[in-house]
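Following: one structure in structure tokens, then a few remarks.
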Amino acid sequence: MKWTSLPSLMLFLFLNICDAAEATVAVRNGSGEEVLLQGFHWNSSRTPEKWYAALDRMASTIGNDGFTLIWMPPPWVDESRWQSATASGGGEGYFWQDFNKSSRYGTAEQLKQTASALNNAGVKVVYDVVPNHMSEKGVVTMFPRGRNEWRHDCARCDEGDPFMDGTADLNTGNAEVFETFKKEFTNLRDQFGAQGLRFDFVRGYAPETVDRWMKDFGDRQFCVGEMWKGPNEYPQGDWRRSASWQDALKDWSDRSHCTVFDFALKERMQNGTLAQWRDGLNGNPDPSWRQVAVTFVDNHDTGYSPGDFAGQHHWPLAEERRNQAYAYILSSPGTPTVYWPDMYDWNRGPLIRQLIKLRKNAGVRADSPIRFHTRYSGLVATISGSRKSVVIALGSDLERLPTELEKPALEWDAGAIRIWSVAAHAAPVSLRLNCDNAHPQRDESVYAVGSTLELGAWDPRHALALSASDGRWSASIEIPARQAIEWKCIVRSSDPSGVVYWQANPNTSVTTGTVSETTGRF
Ligand code: 7SA
Ligand code: CA
């Protein structure tokens, strides 16, 4: 491009620079292909070996295991102690008193050393930060009372919920408070290797405030919010009280442009069937929803931890579901999180290492498409990675396999987990299947059964049910294009195992994507 004059060049550059400054990413999910390790558990501040020293020692292992991000505990000193009838704690960082980095996890120097060891191992450091509240037990009170910097300084001196009775809540809507944290986040980035932040108790302040902090910390750096709030916890009149967990989580993410822990999936894992795990935020049909999910099985609140009282275990996933849960989150969309003890204390590492390898080999991303094959029991799905497709079958009655699934890439727990890695599928197209000249008797109906998973892999029990309209029985399916499939019409009773009769040979064959419908006749 020939420049006529210097002013036009300056104008062009200026416009581009402004553009870059404004361009807020859709969501700050790192590269979109991250694998997150929660780098601590509830009792990590009380272990014999200082936690930061342990992480330093394990940095290369953590990198080799395939993690690209590590969620560190809150780095600020916490001298609190508390005791209840069933538990005790304090010192974990969630009731911090100032920004001093020497804490029960180790010294500030050790933290710097550990952060650089992790970065050198290819693991980006994400610090847990707690701007909602703090302990005033510190030597110097960072925020003097009576200047609208605390929730209780005025009627509306808080942008969100209180932590406990709210006496420890800061007013993040106050410019002084906002600036103090903004400077500290920059300090964590420049002095302690931070390349991302995990925002604690985000129900306690405005998502827009998180967005403003992140614009300064780094508009493209990873951020995740802990939005743990069930619909029934919203006040009367708040739309979220009658919304789904997904809707409330997506609303928070839209306003903060940060990812959010997928409590919608956690709630389904806790209370739903395997098949209902597809209703997590990470399984949403819309990729702009899937990509904001940070999936997890348990964390330091919900799960058990090695050591005192076995941790907090507020909402632990049952032992028999845990392997399947890791198989699901590590092969499906969203950004998966592995909880430290599962990986390094309770010997789930061999399974998790293989799952991470499979994920990376296929190029599964946070926004990757996922299709659920709901005519099988359990959870059967196809995830389209950027390089390969991954098919998973968890606790399913999938027996007869399509030819492309001759050998699983991973089989665990006597088949409770089966995963295949196959050549990447083309994008799905809609295909209508028609059956003519069918004469089903009472309690009989017409189905289509064929060579692919979508058509039951020739197993009549998993055939596609058709519906009749003026003598023609038909139904439509979504199926990857450019697939040569074979199929037949069958008449079957409503009892899945009761096949009455098949369309005569030959099979009907069709290449998907070349036609919009295919017809078989009895
Ligand atoms: O019950 C589990 C689920 O069951 C399901 O069936 C339910 C779910 O809804 C249901 O469907 O989930 C519910 O319960 C969760 C756990 O309590 C709730 C969730 O909203 C609710 O739906 O999650 C909330 O609590 C978590 C611990 C928070 C969530 O963000 C929040 O939503 N997690 C993060 C937040 C904190 C605090 O920073 C950390 O808490 C977590 O590790 C972190 O991940 O204010 C001054 C003050 C006084 O007000 C008090 O009276 C006084 O006692 C101070 C003193 N408070 C002390 C606490 O009593 C004591 O417990 C405080 C200083 O220390 C402790 O607090 C610990 C907290 O116990 C611990 O979990 C805190 C500070 O050390 O650190 C941790
Ligand atoms: Ca608050």
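Just so you know, these numbers come straight off a predicted model, no measurement behind them. Each ligand, and each atom within it, is numbered from 1 in the order the structure gives. Here, residue 1 is the first one in the sequence, and each next residue gets the next number.
Contact annotation for Q312 and ligand 1: only side-chain heavy atoms (C-beta onward) come within less than 4.0 Å of the ligand. Neither the backbone nor the side chain of Q270 has any atom closer than 4.0 Å to an atom of ligand 1 (non-hydrogen atoms only). With a 4.0 Å heavy-atom cut-off, ligand 1 is reached by no atom of D78. Contact annotation for F201 and ligand 1: heavy atoms of both the backbone and the side chain come within less than 4.0 Å of the ligand.
Under the 4.0 angstrom criterion, atom 52 (C) of ligand 1 counts as lacking any protein heavy-atom contact. Closer than 4.0 Å to atom 25 (O) of ligand 1 lies none of the heavy atoms of the protein. Shown here, atom 56 (N) of ligand 1 is in close reach of the protein: a heavy atom of it lies under 4.0 Å off.
Not counting sequence neighbours, the partners of Y52 by the ring-ring contact (aromatic ring centres under 6.0 Å, His included) test are Y105. Applying the side-chain contact (heavy atoms from CB on, under 4.5 Å) criterion to A325, with sequence neighbours excluded, gives M269, W277, V297, L317.
When Y127, W71, Y344, Y339 are each tested for a ring-ring contact (aromatic ring centres under 6.0 Å, His included) with F40, only one passes: W71.
Scanning the protein for heavy atoms near atom 9 (O) of ligand 1, the closest one is E233 OE2, 4.0 Å. Atom 2 (C) of ligand 1 has H314 O, 3.6 Å as its closest protein atom, hydrogens excluded (heavy atom only). Nearest protein heavy-atom neighbour of atom 54 (C) of ligand 1: F95 CZ, 4.0 Å.
Considering both main-chain and side-chain atoms, W42 never comes within under 3.5 Å of ligand 1 through any nitrogen or oxygen pair. Between W245 and ligand 1, a contact under 3.5 Å exists for no N or O pair.
Scanning W228, W82, Y94 for the heavy atom closest to atom 67 (C) of ligand 1 points to W82. One option in D169, D200, V202 has a heavy atom closer to atom 35 (C) of ligand 1 than any other, and that option is D200.
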Show every donor-acceptor pair shorter than 3.5 Å between a side-chain atom in residues 81-88 and any protein atom, with sequence neighbours excluded, or say none if there are none.
unit_1: S84; atom_1: OG; unit_2: T86; atom_2: N; d: 3.3
unit_1: S84; atom_1: OG; unit_2: A87; atom_2: N; d: 3.1
unit_1: S84; atom_1: OG; unit_2: A87; atom_2: O; d: 3.2

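Taking the six-membered ring wherever Trp is involved, the centroid distance between the rings of W42 and Y304 does not fall below 6.0 Å.
Listed by chain and number, the protein atoms of type N/O/S under 3.0 Å from the Ca ion (ligand 2) are N132 OD1, D158 OD1, D158 OD2, D161 O, D169 OD2, G204 O; waters are omitted.
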